[in-house]
Amino acid sequence: MKIIVVGTGFVGLPHAAVLSEYGHEVYAYDIDEERIRAYQSGDRDQIERYVNEPGLVEAIEETIDRYLHFTTSLDDVIESTDIIFMCLPTPPKRDGSTDLRFYMNAAHYLGGLLAQRSDKKRVVLVNKSTVPVSTARQLQKVMEEHGVENYGVASNPEFLAQGSAVEGSRRPDRVVVGADTEEDFVLLRQVYSQFVNHVRIRYLETTPETAESIKYVANTLLLTYISFWNGVGARLGESYANIHMEDLKIGVTADERISTWGSYVSNGAGGSCFGKDIQSLIYQLNRSGRSTDLLQAVYNINEYQKTYMIDRAVYEANFNFNNKRVALLGLAFKKRTNDMRDSSALKAVESLLAKGVAEIRAYDPLAMDDAQRSWFSPDNNHLFERITYHGTAKKAIEGSDALYISTDWEEFRGLASTIEQAVEPPYLVIDGRRMIPDYDRLIAKGYDYLSVGSVLRRPQPEEMDEDHSNGQLNAGVGQKMKTA
Ligand code: UDX
């Protein structure tokens, strides 16, 4: 089939590459000329500057110029196209609603081109980006305005997670297609022929509005589940000594109805989807006069969780951040990505700066360049100067008064010995990701250890016993939370 993919970011590029692997003729279009040049170069560094996903460069190399073409103009391509996938950015506005500017600009561009086609062959415009419910209808209106003939609109949301976008495109758990006519379902079945009637992959055909809703409900449910563990499981572990979070997780998730994914308690979930999608869903439901109490609570719990450990350090470990130097390990919103969108580290930095720290000594295996380039913009220069960047975790820890672990990078698991080599106690380790299972050795040597999901561990066991071991509530910052 002849397919156009509009937008070549994290969703569009892997999707285009994988479609071309199945022998479709794919034209990947983007308005950004530099980006398209980078992809055409085939050069790993240049491609990964835009989208860094395992297996992506290899997938592009495999089909480029045979089935996969990159372009900044669709003028000569539009004729006889079967399918157009819309993979455009849909960022949040201040009020939580979705900014459809990029999406609508592309829709008008396509409408103008499609109206001029001479062949008038059936073409289906398919939304892959996460867009508010009924955006397919808006797309239909744009096509009508331009007088486009013989077209259909459909919704086919993507469920990819960062770090596994190529694998996720090749082997999705489900393919959801929302369309209005059998003719359009047939075209999409041809695109996804390898997934239709697949034993393991659920191929669902439904209405465009249902397909659009599935994406929002799925993402907000996942965030609700994470927030349940952070807001309930972790709070219990933080309240009573002798609760082992890992055993708690095993005991609860042994029930096959309850998933292990999402039960990893943390300093909050970040990324480009969860926060944006829950805010957009709240906006959409409010607009139709519906209650959004649960969603609002989930959103608040997750946002609060991003600075919660720093508050615990103040209230439970009596740590005064004023004029202190704090090592910050991990900037990305999760391991194996350089993406800092909605990252907990962003909120942690804001909180630490507000508490008057003298220096934040940052290290991340992948996100350092991005952080220096764009995260702390010149607008925040006065804050920017208090953040220093270091080439290794050890260097960041050296000369600091406390350590905050924000991202679950594998290399942070062996951190106990690094801490011992880099700094002398008294020293506070704040662990937002439960990365130091052998914390006992740190306590034995005089370090303080404060981990999400557990009570404060300090070298003086008699004091700990008094505080926690006889089943009394640990009067922690959790009680001061407004929402959790
Ligand atoms: C997510 C969804 O998983 C995906 O289905 C959707 O299409 C886009 O949003 P992604 O943003 O790539 O994907 O990240 P994900 O791996 O889901 O993690 C999101 C955040 O939750 C990360 O900050 C992660 O560290 C955190 N998380 C995840 C937890 O805190 N605990 C967990 O158990 C799992």
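Just so you know, ligand 1 is whichever comes first in the structure, and atom 1 is the first atom listed for that ligand. The model shown is predicted, which means the values in this text are computed figures rather than measured ones.
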Can you say whether the rings of Y427 and Y447 are parallel (under 30°), tilted (30 to 60°) or perpendicular (over 60°)?
-> perpendicular

Y22 and F195 aromatic ring geometry - parallel, tilted or perpendicular at 30°/60° bounds | perpendicular

Show which atoms of ligand 1 fall inside a sub-4.0 Å distance from at least one heavy-atom site of S263.
-> 33 (O)

Do any nitrogen or oxygen atoms of A161 come within less than 3.5 Å of a nitrogen or oxygen of ligand 1?
-> no

Among all protein heavy atoms, pick the one closest to atom 25 (O) of ligand 1 and tell me residue, atom and distance.
-> R433 NH1, 2.8 Å

Side chain, backbone, both or neither: F159 near ligand 1, heavy atoms under 4.0 Å | backbone

List every atom of ligand 1 that sits less than 4.0 Å from any heavy atom of W261, numbering the atoms from 1 in the order shown and giving each element.
-> 17 (O), 28 (C), 34 (C)

Shortest heavy-atom approach to atom 26 (C) of ligand 1 - which of S227, A269, P157 | A269

Relative to the heavy atoms of C273, which atoms of ligand 1 are at a distance of less than 4.0 Å?
-> 8 (C), 9 (O)

Any salt bridge between R137 and D180, counting N to O under 4.0 Å?
-> yes

Shortest protein heavy-atom distance from atom 31 (N) of ligand 1, along with the residue and atom involved = Y264 O, 2.9 Å

Where's the contact between W229 and ligand 1, heavy-atom distance under 4.0 Å: side chain, backbone, both or neither?
-> neither

Ranked by distance from atom 12 (O) of ligand 1, the top protein heavy atom is Q162 N, 2.6 Å

Top protein contact for atom 23 (O) of ligand 1, by heavy-atom distance = F333 O, 2.8 Å

For K334, counting its heavy atoms only, list the atoms of ligand 1 lying under 4.0 Å from any of them.
-> 10 (P), 12 (O), 14 (O), 15 (P), 16 (O), 22 (C), 25 (O)

Parallel, tilted or perpendicular: which fits the ring planes of Y225 and W229, with parallel below 30° and perpendicular above 60°?
-> perpendicular

Enumerate the atoms of ligand 1 whose separation from the nearest heavy atom of L160 is less than 4.0 angstrom.
-> 4 (C), 6 (C), 7 (O), 8 (C)

Check whether NZ of the Lys or CZ of the Arg R174 lies under 6.0 Å from the centre of the six-membered ring of F159 and within 45 degrees of that ring's axis.
-> yes

Do other residues, nucleotides or ligands put more than 12 heavy atoms under 6.0 Å from the CD1 atom of I31?
-> no

Which of the atoms of ligand 1 are close to S266, meaning less than 4.0 Å from one of its heavy atoms?
-> 29 (C), 30 (O)

Answer yes if the ring centres of Y29 and Y109 are under 6.0 angstrom apart, and no otherwise.
-> yes

With the threshold set at 4.0 Å, does a side-chain nitrogen-carboxylate oxygen contact exist between R235 and E238?
-> yes

Nearest candidate to atom 33 (O) of ligand 1, where distance is taken over non-hydrogen atoms, out of A165, G163, G262, G270 = G262

Indicate yes or no: does an N/O atom of F274 lie under 3.5 Å from an N/O atom of ligand 1?
-> no

Would you check if the side chain of N156 reaches a backbone N or O of V176 as a donor-acceptor pair within less than 3.5 Å?
-> yes

Tell me which protein heavy atom sits closest to atom 28 (C) of ligand 1, plus the residue, atom name and distance to 0.1 Å.
-> I226 CD1, 3.7 Å

For D95 and S97, test the side chains for any donor-to-acceptor distance below 3.5 angstrom and give the result as yes or no.
-> yes

Does Y363 have K395 sitting over its ring (NZ/CZ under 6.0 Å from centre, angle to axis within 45°)?
-> no

